[in-house]
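Input: a single structure, listed below in structure tokens.
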Amino acid sequence: MAEQEVLILRSGRYLDSAKIVTFFSREGGLGTGFARGATSRDNRFGASLEPLTRSRLSLRRGTLAGLARILHADVIASYPRIRTDYDRLVWAGLIVRFLLGFLPESHPEPSLFALACGALDRLDGRVGPPAAVWEGFARQALALLGWGIPAAVCRRCGRTGGEKEEREEAESHYFRASDGAVFCRSCRLAEGGGELWGVEAEVLNALSRNGGSVDEDVLSPGPGPLLRERLAFLDRVIGEHLPRWTPVAELTFVGSAISGFDGDRKLPPPRSEDEEVDPNGGGEHDQRT
Ligand SMILES: [Zn+2]
């Protein structure tokens with residue numbers, strides 16, 4: 001028997017009276033387990049295995065079709081304020097979909113686990129705009145996975161953003177997603193291979209700040225006007241690795257949350273407190289085998 005601290009990402013009914021749960025474990029990475037007698041969310045065992053719950057599980061390895069059996073679970077954090085705020089739930093759902101899409105099976109990613117928990121704590125604590133929490137999470141999570149976004153420095157000539165001759169053009173640099181290389185406007189013509197995306201130097205530089213601890217840096221409001229461009233660029237990078245990724249701007253009223261962050265605040269319609277929403281958004285379910 002082993003104890004693991006986990007974030008529940010997804011759960012569903014299994015057979016008549018069991019629940020099958022996909023979780024992100026600090027100790028073991030992405031895993032799946034089943035629990036008998038946990039089908040009702042009214043009982044404590046069931047509640048501790050609901051998506052978007054941080055719990056401590058007692059597991060017994062490989063008892064059914066190779067799945068771990070969850071014997072016992074204690075809630076560490078249930079993020080009640082995310083659950084009752086549809087806006088925050090949608091942003092938290094992006095984090096869940098990101099983890100389900102990117103995490104390899106059974107490979108520990110303790111830094112990413114800490115980052116995800118830090119971002120959910122901030123969404124739940126209503127610390128700052130949710131769009132900024134998502135941006136900070138996505139930027140740092142990509143870096144932890146080896147797909148960090150580089151600063152606007154041309155790989156060939158070393159030209160950085162903001163130089164005089166580049167200022168006329170909004171898209172001063174070009175990013176190649178296949179290897180994460182960046183080129184300036186002049187050098188991109190000499191680079192034959194791979195699709196190049198035009199991007200503003202300021203967007204790259206804002207997204208490339210990989211330093212800082214999770215606590216200090218998961219929230220990175222930055223300047224407002226380019227937030228939409230930064231989120232769109234993150235979407236594009238994520239979509240390169242997860243083809244079924246739904247861009248942030250396509251999620252209902254996340255658009256208004258972004259325009260609100262730009263200073264044009266439109267509040268989403270009020271939601272009843274007990275409305276149930278699937279934090280997985282019904283979207284990304286990349287099954288790895
Ligand atoms: Zn160059």
Side-chain angles (χ1 to χ4, degrees), residues 7-9 24 51-54 76-103 109 111-145 147-149 203 206-235 237-238 242 245-268 271 277 279-281 283-284:
L7 205 53
I8 309 292
L9 302 179
F24 179 17
L52 215 61
T53 307
R54 188 171 166 185
I76 298 170
S78 62
Y79 306 113
R81 301 216 281 180
I82 295 177
R83 290 168 191 281
T84 53
D85 179 338
Y86 183 77
D87 187 2
R88 305 222 164 220
L89 191 55
V90 171
W91 290 103
L94 285 172
I95 294 172
V96 169
R97 285 171 50 222
F98 181 101
L99 294 171
L100 283 169
F102 274 106
L103 285 172
E109 293 279 0
S111 299
L112 189 50
F113 183 86
L115 181 68
C117 292
L120 292 176
D121 287 346
R122 267 160 187 73
L123 283 176
D124 193 58
R126 305 192 182 173
V127 181
V133 176
W134 161 250
E135 181 190 9
F137 169 80
R139 181 173 65 75
Q140 293 182 80
L142 284 169
L144 287 172
L145 291 164
W147 291 304
I149 292 165
V203 169
L207 293 175
S208 71
R209 295 171 298 146
N210 295 328
S213 71
V214 169
D215 284 344
E216 291 161 3
D217 210 33
V218 75
L219 184 68
S220 56
L226 283 172
L227 179 73
R228 195 183 301 270
E229 285 75 11
R230 296 203 302 267
L231 295 184
F233 190 78
L234 285 169
D235 271 337
V237 173
I238 294 169
L242 302 179
W245 181 255
T246 308
V248 167
E250 285 179 23
L251 299 172
T252 37
F253 96 71
V254 167
S256 70
I258 295 170
S259 60
F261 193 52
D262 285 341
D264 172 27
R265 186 75 184 143
K266 287 195 196 85
L267 288 172
R271 301 264 169 179
V277 182
N280 294 333
E284 200 70 23

* **By ring pair (Phe, Tyr, Trp, His ring centres under 6.0 Å) - contacts of Tyr79 (at least two apart)** => none

* Is Arg83 reaching over with its side chain to a backbone N or O of Leu52, donor-acceptor style, under 3.5 angstrom? -> yes

Could you state the interatomic distance from [atom1] ([X]) to [atom2] ([Y]), rounded to the nearest 0.5 Å?
X: Phe24; Y: Leu103; atom1: CZ; atom2: CG; result: 4.5 Å
X: Ile95; Y: Leu100; atom1: CD1; atom2: CG; result: 12.0 Å
X: Leu120; Y: Arg122; atom1: CG; atom2: CZ; result: 11.0 Å
X: Asp85; Y: Arg126; atom1: CG; atom2: CZ; result: 5.0 Å
X: Thr53; Y: Leu9; atom1: OG1; atom2: CG; result: 10.5 Å

Residue pair [X] / [Y]: nearest heavy atoms and the distance that separates them:
X: Phe102; Y: Leu142; result: CZ-CD2, 4.1 Å
X: Leu227; Y: Ala131; result: CD2-CB, 3.9 Å
X: Val203; Y: Glu229; result: CG2-CB, 3.9 Å
X: Arg54; Y: Cys117; result: NH1-CB, 3.4 Å
X: Ile238; Y: Ala138; result: CD1-CB, 4.4 Å
X: Ala119; Y: Val133; result: O-CG1, 3.5 Å

* Asked: With a 4.5 Å heavy-atom cut-off, do Leu242 and Arg97 have their side chains touching?
  -> no

* To do: Check whether any side-chain heavy atom of Glu135 sits under 4.5 Å from a side-chain heavy atom of Val248, and report yes or no.
  => no

* To do: Applying side chain to side chain contact (heavy atoms under 4.5 Å, CB included), name anything that partners Ala141, two or more places apart in sequence or on another chain.
  => Phe98, Leu112, Leu115, Phe137

* Asked: Taking only residues two or more places apart in sequence or in another chain, which ones pass side-chain hydrogen bond (donor to acceptor under 3.5 Å, both in side chains) with Asp121?
  -> none

